[in-house]
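The block underneath contains the structure these notes are about, expressed in structure tokens.
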Protein chains: 2
Amino acid sequence: MLSKSAEYALRATIYIALKGSEDNKLGIDEIATAIDSPQYFTAKILQLLTKNNGVVSSVRGPNGGFYLTDAARKLPVRAVLEAVGEDGIITKCVLGLKECSESRPCPMHEQYRYIKAQLRQMFEKTSIQDLANESGKGKIVINNRQIKTK
Amino acid sequence: MLSKSAEYALRATIYIALKGSEDNKLGIDEIATAIDSPQYFTAKILQLLTKNNGVVSSVRGPNGGFYLTDAARKLPVRAVLEAVGEDGIITKCVLGLKECSESRPCPMHEQYRYIKAQLRQMFEKTSIQDLANESGKGKIVINNRQIKTK
DNA sequence: TTGAAAAAAGATAAATTAGTCTTTATTTAT
DNA sequence: ATAAATAAAGACTAATTTATCTTTTTTCAA
């Protein structure tokens, strides 16, 4: 469904939203451990998220780390996917046809249209903060690990 | 969304359903050209489809080629995905968590559950023949090319 | 103003997926 | 029986994605 990059991007973003703040920046090691992802690779992905769409903010040096601004928290989940170049799920044809549209639909188009619209809804109407809130409900989990909300 | 393998598998299967029959078997070159896919690679995929789930049938030698049995035509689209090992879309967690379930849901679980159910519906309730019929409606297209139904 | 802590950037490696080519086996027709 | 047509099987190459390691830059605190 999604690439590893996209999965890590989402998990990392949710984790940062949940545990980080401007005066509690999180280090890459903590993040990678928490979401159970390869550290260096996750670092690369966070770089993408800081460069594109301003999803994640970062500062270097002592007490540096990653956090989300209030504005970033309001961004739709789609912004995360876009930042890692992975929004094809809601833009491309299921059968991979370049030219597939209402006027020239592929054999699955009719059926998939509605589902695609819902995926789009989900990724556009849900904000990063919304996901963090879900995660905060206690029983909800990132990577098999209960996250303690402060 | 889907891998190239899965896309080619679906396109090839639909094409064979539409144009082939037990006494009009289709050659790999025709198929690959028609669905605009790399020939040798598509051959590999058709091998998978003949070995797994009996989606496609084939015979070698002169006048050999690929076709679908009547039974195969009734198979759900999911059988094609399974045959190429690509049914993760309807089985796996969006965030890639190993342990994500009703009792231990990931932050997107609630939202995605319904969509996943619909994807499953689509892939399980739609048969290969159904897709071929769609394709037969005339304006519908495999790979930007109008397929002439006899 | 120096040292240490952090992310950024860059270079490389490993794994997976996609794609190609060659050889073999099977089938049909002559 | 033999030759030709075809898919199957296997070996190989290329591209992309995933992952790791090293070096550089920035920032803070002593």
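So you know, we letter chains A, B, ... as the sequences are listed, proteins then strands, and number each from 1.
The pair K25(A)-E22(A) fails the salt-bridge criterion, with no side-chain N (NZ, NE, NH1 or NH2) lying under 4.0 Å from an Asp/Glu carboxylate O.
Residue I31(B) is out of contact with every strand shown, counting any heavy-atom pair closer than 4.0 Å. Counting non-hydrogen atoms under 4.0 angstrom, I28(A) reaches the backbone sugars and phosphates but no base. Contacts of K44(B) with the nucleic acid, taken as non-hydrogen atoms under 4.0 Å apart, include base atoms.
Side chains of S127(A) and D130(A): a donor-acceptor N/O pair is present below 3.5 angstrom, by distance only. One side chain, T42(A) or S37(A), offers a donor N or O that lies under 3.5 Å from an acceptor on the other.
From the 5' end on, the contacts that DNA chain D makes with chain A at under 4.0 Å to a non-hydrogen atom open and close at dT18(D) to dA29(D).
Distance alone, capped at 3.5 Å, places no donor-acceptor pair between the S135(A) side chain and the L131(A) backbone.
Distance, D29(A) CG to dA8(C) P: 13 Å, rounded to whole Å. In this structure, N63(B) places its CG atom 7 Å from C1' of dT28(C), rounding to the nearest Å.
Taking only side-chain nitrogens and oxygens, S58(A) comes nearer than 4.0 Å to OP1 or OP2 of dA8(C).
Mapped onto DNA chain C by nearest heavy atom, L2(B) and G65(A) fall at different nucleotides, with G65(A) at the one closer to the 5' end.
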